[in-house]
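Worth knowing before you read on, the calculation uses all heavy atoms, side chains too, and leaves out hydrogens, waters and symmetry mates. Residue numbers start from 1 in every chain, and the chains themselves are labelled A, B, ... in the order their sequence lines are given, proteins ahead of strands.
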Amino acid sequence: MSNIRVRFAPSPTGMLHLGGLRTALYDYIFAKQQGGKFILRIEDTDRNRYVEGAVENLVNSLQMMGIDFDEGPGKDGGFGPYFQSERLDIYHKYIEELLENGFAYKCFCTKEEIEKMREKAIAKKENPKYDGTCRNLTPEEVQAKIDAGMPYVVRLKIPENRMFTFYDKIRGKVEIDSSLIDDQILLKTDGYPTYHLAAVVDDHLMEISHVIRGEEWLSSTPKHIYLYEVFGWKAPTWVHLPLILNTDKSKLSKRHGDFSVEGFMGKGYLKEALVNFIALLGWHPSSDEEIFNLGKMIEKFSFKRVNKAGAIFDNTKLDWMNSWYLRNLDMEYIAEVSEPFFIKVVKDISDKDKYRNIIKIGRDYAQTLVELAEWAKPFYFDLEFTKEDKEILNNENSQAVFKHYLERFSEKDVWTLDELKDLVKKSPKELNIKGKNYYFPLRLVFFGKTSGPGVGEIIEILGIEESKKRLQKVLI
RNA sequence: GACCCCUUCGUCUAGUGGACCAGGACUCCAGAUUUUCAUUCUGGCAACAGGGGUUCAAUUCCCCUAGGGGUCGCCA
């Protein structure tokens, strides 16, 4: 058994978005590849930002994408609980330890005072930082303030004149001077820890071997390695992933649109396409291959081949990839995942033969499942014709074509696809009407458009009964 | 503003000190197939941020500049 353990640690503040999906995906792939464990931990230490239902959404979205966690909410692996809000006692114990050993101190400064400090620093063009007012309070002073009922936070005492050096698996050596680092708050006045303390304590206790997270955490990593140091713990391997960017190159955010996994699924993207596309945002094997399922990713993935630069999310290629999967995945599977979209648009898909035929042909015409269901509408609803359409339909040639088909259909009720194709092919000669004059009216009367699938195929889907009805309707 | 990270076609990316007048994919354009459309196939357009070094040789190594991003919260 490998001792590789990785975690995805989102905070329940909203829906799982593409950035989170990719982090979770890399976590999962890496764990599977190494024979390790993938843990889901919920970082709910901010009571103000907690969103009802967010945990469910996170779990559901991961599940929808086929990313299963080995340990997490509802799946105890002996390292729980997996909600940070249920681990408060643990954090308090470690805060106490830091306080006793002088690595942290209680700070009584109010938010207003700190805001003033920051303004002053910015005015002086200095790096805004806590000024250390409470750093050297005597035990008596501290006690007096506590006795006076003053609320306090606990801050980490960052040493002066130190160079923090760490190695990131993607970026290599990173150095940051301690003078730039703030005395980070570890425990808030409400008794909840901040991310910095909670994540370090949990990662240690949960025996996380690789911390895989977004690049936005790079700057605060020195605080984390310092915590590992003062606790006397071995730090994990750091892996800071490049960011996924909006088209304007800023960090992917809600402001620029809906980037939630749920949103993309709702638009009719296939999980295969989404996972494939998102994996390629920042990672690529040395080969020219671009189509990967999870198994193949597990086989090929390597952090060595993860880029350093951020990747712009542009769904043009995702659209192509989705249509590729739509055309190449098993037909029955596409039919199955399309069902909810069809039910929404056409309501009744109880005729399974018809439904399957539509999927079979329609998947060449759509990029998403929403488009596919939309495309199928002419097979389910009465057609509406424009003025231009009617001109074609009322044309003398068109009417002759319609009469011809009606006659032929009156001969028998059951036609095979081959017979239909034969009919479509031979009729022009019999009627002496060819090309546009023949095909346009036919497609129009059966499908509502002058272009589209073969006329035989369309009739097969419609059925002779319905086809006759549509013909009769346009007869003058 | 300070610090950290980054910089190959429009986008995702491959690439090595000489085999690169830089490869693939998406998009776009043209052609073929399809009586149409979609699919498919073929071809085309399009990039090493700039400037200095190092070197016989630099897209590849070093430095500087520029540009972009991230962080600087009792948010994660």
*Which atoms form the tightest heavy-atom contact between A198(A) and Y91(A), and what is the distance?*
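Where A198(A) meets Y91(A) most closely, the heavy atoms are CA-CE2, 3.7 Å.
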Expected rows: protein N/O vs nucleotides 39-44 of chain B N/O, under 3.5 Å:
| residue | atom | partner | partner atom | Å |
| --- | --- | --- | --- | --- |
| U39(B) | O3' | R327(A) | NE | 3.2 |
| U40(B) | OP1 | R327(A) | NH2 | 2.7 |

*asked:* Both L318(A) and P151(A) contact RNA chain B. Taking the nearest nucleotide for each, which residue is further toward the 5' end?
replied: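 Whichever sits nearer the 5' end wins; that is L318(A).
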*Q184(A) and Y195(A): side-chain donor and acceptor closer than 3.5 Å?*
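Short answer, no.
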*Would S427(A) and H404(A) count as having a side-chain donor-acceptor pair, cut-off 3.5 Å?*
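A pair is found: one side chain offers a donor N or O, the other an acceptor, under 3.5 Å apart.
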Is the distance from OP1 or OP2 of [N] to the nearest side-chain N or O of [X] less than 4.0 Å?
X	N	result
T45(A)	A76(B)	yes
R305(A)	G15(B)	yes
K308(A)	U8(B)	no
N307(A)	C6(B)	no

Report yes if the distance between the aromatic ring centroids of [X] and [Y] is under 6.0 Å, otherwise no.
X	Y	result
F303(A)	F30(A)	yes
W283(A)	F292(A)	yes
Y228(A)	H204(A)	no
F447(A)	F379(A)	yes

*Six-ring centre of F342(A), K377(A) cation under 6.0 angstrom, axis tolerance 45°*: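 Output no; distance or angle outside limits.
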Without decimals, in angstroms, what is the distance between [X] [atom1] and [N] [atom2]?
X	N	atom1	atom2	result
K223(A)	C3(B)	NZ	P	17 Å
R22(A)	U13(B)	CZ	C1'	14 Å
K116(A)	G73(B)	NZ	P	18 Å
E371(A)	C37(B)	CD	P	19 Å
I181(A)	C72(B)	CD1	C1'	11 Å
H240(A)	A76(B)	NE2	P	16 Å
D319(A)	C26(B)	CG	P	13 Å

*Base-contact (B) and sugar-phosphate-only (S) positions in nucleotides 59-70 of chain B, heavy-atom cut-off under 4.0 Å, - elsewhere*: ---------SSB
*Please work out which residues in residues 84-96 of chain A have a non-hydrogen atom less than 4.0 Å from an atom of RNA chain B and list them by number.*
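The answer is none.
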